[in-house]
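These notes concern the structure reproduced below.
Ligands are counted one by one from 1 in listed order, and the atoms in each one are counted from 1 as well. Just so it is clear, the structure is predicted and the values come from calculations on it, not from any experiment.
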Amino acid sequence: DFPAGYTGYHTYAETQTELQKTVANYPSLTKLGSAGTSYEGRALSLIKISDNAAIDENEPEVLFTCNQHAREHLTTEMCLHIVQRLTSGYATDPAIRRLVDSTEIWVIPSVNPDGSEYDISGGTFHSWRKNRQGSGTDTNRNWGYQWGCCGGSSGSPSSETYRGTAAFSAPETRAVANWVNSRVVGGVQQIKTHIDFHTYSELVLWPFGYTYADTAPGLSAAEAQKFQTLGKQMAATNGYTPEQSSDLYITDGSVNDWMWATHKIWSFTFEMYPKGSSPGFYPRDTQIVPQTTRNDQAVDIIINAAITG
Ligand code: 0X9
Ligand code: CA
Ligand code: CA
Ligand code: ZN
């Protein structure tokens with residue numbers, strides 16, 4: 001469980017309960033499913049939010065993913081906050097209603113539930129990042145585009161950025177990728193925009209991460225420009241710093257590179273609160289409300305971007 005001062009965070013069981021309560025309270029607006037199962041067999045729960053959520057309507061789709069990295073617990077709260085705000089605000093807030101009615105929004109609150117549960121095991125934090133397969137694979141180095149290409153990951157199982165034995169060797173990465181692949185309907189990827197939430201540093205990041213170059217095969221100057229414009233627009237609302245992800249450091253096998261290169265999904269990473277190593281990965285639960293609501297406008301922008309193309 002979470003230690004004292006952190007009990008406002010959701011454990012895996014509490015996250016499941018929260019999602020189940022949401023679908024009970026908003027049965028026409030939500031649908032609960034799973035993208036697959038983790039290495040240890042936990043559900044990679046997935047909730048859909050839309051009008052007529054039970055039906056696959058012809059509406060642009062948006063994806064939010066959280067908690068690829070185990071210790072980044074604030075991100076799970078970010079995904080739960082998105083679900084809570086879009087459902088509870090639907091009846092009374094015309095702006096929310098418009099977004100929810102014109103899109104299909106998918107939220108995966110924890111891509112790495114095994115790691116997350118391990119990180120809080122025994123009631124203390126363990127600074128755990130990876131999944132729980134062997135010594136752990138960094139799920140955000142295991143995606144299948146330019147996997148292990150460029151010095152942005154490690155081949156050593158003990159490393160914090162271990163890329164795994166092959167692209168998609170981590171069950172969590174494989175499951176989410178397969179699920180995203182399944183959103184190709186009639187040859188068209190339905191998901192248009194995506195944010196993967198991490199902590200910390202207060203950044204808005206866009207592809208590519210595997211190269212310092214601003215453009216590359218599959219990323220034209222006009223597309224790079226659009227990433228930058230959209231990223232800066234979102235950063236202007238939350239005060240984060242916008243930059244290409246390789247400006248932070250080179251990563252290969254990251255989720256954003258795969259989402260863009262494989263599916264042309266406008267895919268961003270947000271590094272949430274705080275800016276620095278104190279409190280680093282472990283801000284008190286009193287930060288949950290301010291730091292998740294801080295991204296409300298940016299979330300609206302990325303949903304709207306799916307509508308406007
Ligand atoms: O290293 C990561 O995976 C992310 N930072 S974290 O401190 N949360 O581990 C940054 C990922 C940046 N994204 C890309 N380079 N594509
Ligand atoms: Ca709908
Ligand atoms: Ca659809
Ligand atoms: Zn992270």
Side-chain angles (χ1 to χ4, degrees), residues 31 48-63 65-76 78 101-106 110-112 115-116 119 127-131 137-143 145-147 149-154 159-163 173 182-186 188-192 194-212 216 219 227 231 240-261 265 267-277 280-281 306-307:
K31 192 181 83 170
K48 178 186 173 186
I49 305 165
S50 188
D51 62 334
N52 313 309
I55 308 166
D56 184 6
E57 297 189 298
N58 186 19
E59 298 166 341
E61 301 183 16
V62 181
L63 175 64
T65 51
C66 292
N67 195 216
Q68 274 208 84
H69 290 143
R71 63 193 167 197
E72 299 170 12
H73 301 287
L74 186 60
T75 67
T76 307
M78 184 70 231
D101 282 350
S102 26
T103 61
E104 297 183 299
I105 299 160
W106 302 96
S110 180
V111 170
N112 181 10
S116 189
D119 190 56
S127 293
W128 190 259
R129 168 183 173 91
K130 301 185 286 181
N131 76 354
T137 293
D138 182 349
T139 60
N140 205 29
R141 299 295 183 277
N142 190 243
W143 295 79
Y145 186 70
Q146 298 283 35
W147 177 81
C149 69
C150 301
S153 59
S154 172
S159 167
E160 285 283 63
T161 56
Y162 178 52
R163 68 178 76 100
T173 322
S182 80
R183 296 314 304 147
V184 176
V185 178
V188 180
Q189 173 56 253
Q190 301 297 299
I191 299 169
K192 305 303 176 193
H194 167 235
I195 298 175
D196 186 44
F197 289 96
H198 288 254
T199 66
Y200 57 88
S201 291
E202 302 189 359
L203 305 169
V204 171
L205 306 173
W206 56 83
F208 281 126
Y210 80 89
T211 174
Y212 293 120
L219 178 60
F227 267 116
Y240 292 5
T241 301
E243 62 188 9
Q244 186 179 335
S245 60
S246 55
D247 293 348
L248 181 62
Y249 45 76
I250 294 282
T251 56
D252 44 48
S254 80
V255 64
N256 301 140
D257 287 9
W258 183 83
M259 291 276 181
W260 173 255
I265 295 169
S267 176
F268 290 83
T269 286
F270 277 27
E271 295 279 359
M272 296 176 66
Y273 175 89
K275 260 192 149 53
S277 57
F281 297 111
I307 300 171

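- The CG atom of Asp51 lies 8.0 Å from the CD atom of Glu104; values are rounded to the nearest 0.5 Å.
- For ligand 1, one of its N or O atoms has an N or O atom of Ser245 under 3.5 Å away.
- Those atoms of ligand 1 that come under 4.0 Å of a heavy atom in Glu72, given as number and element, are 6 (S), 8 (N), 9 (O).
- Using modelled atom types, one finds a donor on one side chain and an acceptor on the other under 3.5 Å when comparing Glu59 with Ser50.
- Side-chain atoms of Glu57 and Asn52 include a donor-acceptor pair closer than 3.5 Å.
- Near Asn140, the atoms of ligand 1 lying under 4.0 angstrom from a non-hydrogen atom of the residue are 2 (C), 3 (O), 11 (C).
- Short contacts between ligand 1 and Arg129, defined as distances under 4.0 Å to a heavy atom of the residue, involve ligand atoms 1 (O), 2 (C), 3 (O), 6 (S), 9 (O).
- Nearest heavy atoms, Thr211 versus Ser246: O-OG, 2.8 Å.
- Each of the atoms 8 (N) of ligand 1 lies under 4.0 Å from some heavy atom of His198.
- When heavy-atom distances to ligand 1 are checked against a 4.0 Å cut-off, Thr161 has no atom that comes that close, whether in backbone or side chain.
- Ligand 1 places these atoms under 4.0 Å from at least one heavy atom of Asn256: 13 (N), 16 (N).
- At the Zn ion (ligand 4), the vertex angle linking ND1 of His198 with OE1 of Glu72 is 90° (nearest 10 degrees).
- Near Thr199, meaning under 4.0 Å from one of its heavy atoms, ligand 1 places the atoms 7 (O), 8 (N).
- Under the 4.5 Å side-chain criterion, counting only non-hydrogen atoms from C-beta, Gln190 is not in contact with Trp106.
- Between Tyr240 and Phe270, the ring planes lie perpendicular to each other; the angle is over 60°, past the 30° to 60° tilted range.
- Of the candidates Gly209, Ser254, Ser267, Ser254 brings a heavy atom nearest to atom 16 (N) of ligand 1.
- Per residue Glu104, closest N, O or S atom to the Ca ion (ligand 3): atom name OE1.
- Here the CG-NZ distance, from Asp138 to Lys130, works out to 8.0 Å after rounding to the nearest 0.5 Å.
- The heavy atom nearest to atom 14 (C) of ligand 1, out of those in Asp252, Thr251, Leu203, Ile250, is found in Thr251.
- For the residue pair Arg163 / Ser153, a side-chain donor-acceptor distance below 3.5 Å is found, with atom types taken as modelled.
- Counting heavy atoms under 4.0 Å from ligand 1, residue Glu271 touches it through the side chain alone.
- Close approach of ligand 1 to Leu205 is summarised as follows: ligand atoms under 4.0 Å from at least one heavy atom of the residue are 12 (C).
- Looking only at N/O/S atoms, His69 comes nearest to the Zn ion (ligand 4) through ND1.
- The shortest side-chain heavy-atom distance between His194 and Val255 falls under the 4.5 Å cut-off.
- Atoms of ligand 1 found under 4.0 Å from any heavy atom of Tyr249, numbered from 1 in the order shown, are 1 (O), 2 (C), 4 (C), 5 (N), 6 (S), 7 (O), 10 (C).
- Take the N/O/S atoms of Asp56: the one nearest the Ca ion (ligand 3) is OD1.
- Checking Thr269 against Asn256 by side-chain atom types alone, a donor-acceptor pair falls below 3.5 Å.
- To the nearest 0.5 Å, atom CE of residue Met78 and atom CD of residue Glu72 are 14.5 Å apart.
- The Ca ion (ligand 3) is the vertex of the angle joining O of Glu57 and OE2 of Glu61, which measures 160° to the nearest 10°.
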